[in-house]
Trainee: 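Structure in structure tokens, see below.
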Amino acid sequence: MQNNLAASLLDYPYTSQRMPLLAANVVSTSQPLAASAGLQMFARGGNAVDAALATAIALTVVEPCMNGIGGDAFAILWDGSRIHGLNASGRAPAAWTPDYFAGRDSMPMRGWDAVTVPGTVSAWRALSDKFGKLPFADLFEPALRYARNGYLVSPTVHRQWQAQVADMLPQPGYREAFAPQGRAPLPGERFICPGQARTLERIAASKGDDFYHGELAAAIAAHARNTGGALTEADLAAHRADWVDPIGMRYRDLELLEIGPNGQGIGALMALGMLEHFDMQATGLDTAATVHLQLEAMKLAFADMAEYVADPDAMKTVTASHLLDRDYLKRRAQLIDPQRAAPARAGNPHSGGTVYLTAADENGMMISLIQSNFKGFGSGVVVPDTGIALHNRGWGFTLKDGHPNQVAPGKRPFHTIIPGFLMRGGAPLASFGVMGGSMQAQGHLQMTARFADHGQNPQAASDAPRWRVMDDNTTIAVEWNFPPEAIEGLRQRGHTVKVAPRFDTEFGCAQVAMRTDGGYVAASDHRKDGYPVGM
């Protein structure tokens, strides 16, 4: 592996021509100010979890259009000897019975009726308590500087922020906190959010308890009462983050690990389980033949996810184990015609707007962490004087009667954010992630296949042009620099292909840290501002 990786580090075939970072301690994320926060923790003697948490906390300040204090989070971590998973997604308010939403055709995307209990703060506390070396409050110092003194907004963050402003302005509290001039901060403009600083100070001092049991919880609940929300102090106090065992799928000589349902990571595992039955090396790199097989497998996985995946406590008839059964996935693979696209329908197993970061340290600890408000700023609801933008994960529920993902009190919704982790021979290989709604499972599939089938290095695999099955599970989007012959080949196979313009945000952004004999290779792709840092 070491010789193969060394050879691959000389090969950079794609447009960006970025170079990866090689170091003993690394942080990689989408925003350089946040990555520098993590590097500061390494300099203080902290470990990978300390670095990751300082990065995650800073991201809520310097990239608020993609994540926030009021979002959810998940993590997969190798502690040096074993793997751990953390599901810190929140649950529905107690008032959210099916009758509460009677008369609606679908779950709301914005406003209070999309807000479940936020879990991000609980993730920070849980990770720090179990694995951190530095005092919890120390992790907040870089973020507090950015919130109190401001930071210069980048062109990428401005574009993402400004695209949301018109939709968010009607929501209570949004203008005052994040668009005081009725627009996003301009590129190079200094943005200061005193409310975020005060909130982060309270979270740091209370180790997060204030968010769920103290004055911050009271402020969130009061804002809900005053502006039409159902979230209560009791809902916040009942929240817990859960340590879980990740689920996995072997693909060639790698094993991809994901957090299980209520997340979509199972979709990447299912698709890989189908692709195991094809010779993907023979079909070639970046060819229509290879991409077609990946697309068809992903479509079948999405059809099953839409039908069966939910809060695991509600998956009574079809469980994650049923969906990952190798005999079942072999039958699903037999539905794929190598020459022709086909509509995807759910099978019957019983018949047989997110940020990502990774950090790794010289002692072998590796963490894959993702947090999100969903759809950018999420619900658009911002708690006054706090800088807490509340997510809209409730939109992930369905109102279909009897569906395992039907909305219900205290239930976790179907979730899109997923951290990825790769193992080889029982040892950790890479922590990685790809942002962007339903792109995430697809990105995990594409990255894993590039490593396993084609031996690409982390930078090349991150920079490679991506495809995406759109939410209708029919239309295919490809990036502007996708090979023209592959696009034509996909259309000849019956795919409806849309070529996206440059700077389109539908394809997410990848970060990865891959273990080597002497340290790590860290990469961050060109689609956002991030560059990995290390020491």
Side-chain angles (χ1 to χ4, degrees), residues 12 14-23 25-42 48 51-68 71 73 75 142-143 146 151-161 187-188 353-360 366-373 376 417-420 430-436 439-440 443-444 447 457-466 479 502-514 520-535:
Y12 300 92
Y14 302 113
T15 307
S16 83
Q17 297 295 300
R18 279 192 174 192
M19 292 292 106
L21 168 77
L22 286 83
N25 301 279
V26 297
V27 182
S28 185
T29 193
S30 56
Q31 218 283 349
L33 295 176
S36 73
L39 190 62
Q40 292 171 53
M41 299 305 115
F42 278 138
L53 290 175
T55 301
I57 295 162
L59 279 166
T60 67
V61 178
V62 299
E63 202 172 344
C65 50
M66 299 304 288
N67 79 129
Y146 297 141
Y151 61 94
L152 303 185
V153 173
S154 74
T156 300
V157 170
H158 163 77
R159 280 197 302 269
Q160 294 170 334
W161 197 326
T354 298
V355 292
Y356 173 82
L357 63 98
T358 182
M366 303 173 70
I367 180 170
S368 179
L369 190 153
I370 195 160
Q371 63 187 30
S372 169
N373 272 13
I417 63 172
I418 51 172
S431 49
F432 77 105
V434 182
M435 305 173 225
M439 181 65 217
Q440 292 175 65
H444 287 201
M447 295 277 286
N457 68 66
Q459 190 65 60
S462 300
D463 286 337
R466 296 191 188 120
E479 290 196 272
R502 193 168 188 174
F503 303 121
D504 193 287
T505 60
E506 290 180 342
F507 302 94
C509 177
Q511 280 85 36
V512 57
M514 181 172 284
Y520 302 93
V521 179
S524 182
D525 75 35
H526 61 281
R527 295 166 184 86
K528 294 185 81 171
D529 297 328
Y531 282 89
V533 295
M535 59 184 293

Trainee: Tell me, do R527 and E479 make a side-chain contact under 4.5 Å, heavy atoms counted?
Mentor: yes
Trainee: Return the orientation label for the F432 and H444 ring planes: parallel under 30°, perpendicular over 60°, tilted otherwise.
Mentor: tilted
Trainee: Minimum heavy-atom separation for N67 and A56, please, with both atom names.
Mentor: OD1-O, 4.2 Å
Trainee: Please name the pair of heavy atoms, one in A54 and one in M41, separated by the smallest distance, quoted to 0.1 Å.
Mentor: CB-CG, 3.4 Å
Trainee: Rounded to the nearest 0.5 Å, how far does CD of Q371 lie from OG1 of T55?
Mentor: 10.0 Å
Trainee: Yes or no on side-chain contact (heavy atoms from CB on, under 4.5 Å) for M366 and Y520, after CA distance, side-chain angles and deciding distance?
Mentor: CA-CA 10 Å; M366 303 173 70; Y520 302 93; 3.9 Å; yes
Trainee: Which heavy atom of A522 sits nearest to which heavy atom of P532, and what is that distance?
Mentor: O-CG, 3.5 Å
Trainee: List the steps, then state whether side-chain contact (heavy atoms from CB on, under 4.5 Å) holds for Q31 with V355.
Mentor: CA-CA 9 Å; Q31 218 283 349; V355 292; over 6 Å; no
Trainee: Looking at every heavy atom in both A58 and A37, which two are closest together, and how far apart are they?
Mentor: CB-CB, 4.0 Å
Trainee: If you draw a 6.0 Å radius around OH in Y531, do more than 12 non-hydrogen atoms from other residues or ligands fall strictly inside?
Mentor: no
Trainee: Is it the case that T505 and Q160 place a side-chain donor and acceptor less than 3.5 Å from each other?
Mentor: no
Trainee: Using a 4.5 Å cut-off on heavy atoms from C-beta on, say whether the side chain of P419 contacts that of L369.
Mentor: no
Trainee: When you look at N457 and Y12, which way does the side-chain contact (heavy atoms from CB on, under 4.5 Å) test go after all the steps?
Mentor: CA-CA 8 Å; N457 68 66; Y12 300 92; 3.8 Å; yes
Trainee: Between S431 and S368, is a side-chain hydrogen bond (donor to acceptor under 3.5 Å, both in side chains) present by the stated rule, with each step listed?
Mentor: CA-CA 5 Å; S431 49; S368 179; 5.6 Å; no
Trainee: Report the C-alpha distance between D529 and V157 in whole Å, list the side-chain angles of each, state the deciding distance to 0.1 Å, and finish with yes or no for side-chain contact (heavy atoms from CB on, under 4.5 Å).
Mentor: CA-CA 8 Å; D529 297 328; V157 170; 4.1 Å; yes
Trainee: What pair of heavy atoms forms the shortest contact from Y146 to L33, and how long is it?
Mentor: OH-O, 2.9 Å
Trainee: Which heavy atom of Y356 sits nearest to which heavy atom of Q511, and what is that distance?
Mentor: O-OE1, 3.3 Å
Trainee: Using side-chain heavy atoms (C-beta onward) and a distance below 4.5 Å, is L59 in contact with S30?
Mentor: yes
Trainee: Report yes or no: do Q459 and D463 form a side-chain donor-acceptor pair below 3.5 Å?
Mentor: yes
Trainee: I'd like to check V26 versus L21 (side-chain heavy atoms, cut-off strictly below 4.5 Å). Are they in contact?
Mentor: yes
Trainee: From N373 CG over to M66 CE, what is the distance, rounded to the nearest 0.5 angstrom?
Mentor: 10.0 Å
Trainee: Distance from I370 atom CD1 to Q440 atom CD, nearest 0.5 Å?
Mentor: 4.0 Å
Trainee: Heavy atoms, side chains only, cut-off 4.5 Å: are K528 and S154 in contact?
Mentor: no
Trainee: Does a side-chain heavy-atom distance below 4.5 Å link V533 with F42?
Mentor: no
Trainee: Given side chains that start at C-beta, do those of R18 and S524 come closer than 4.5 Å, heavy atoms only?
Mentor: yes
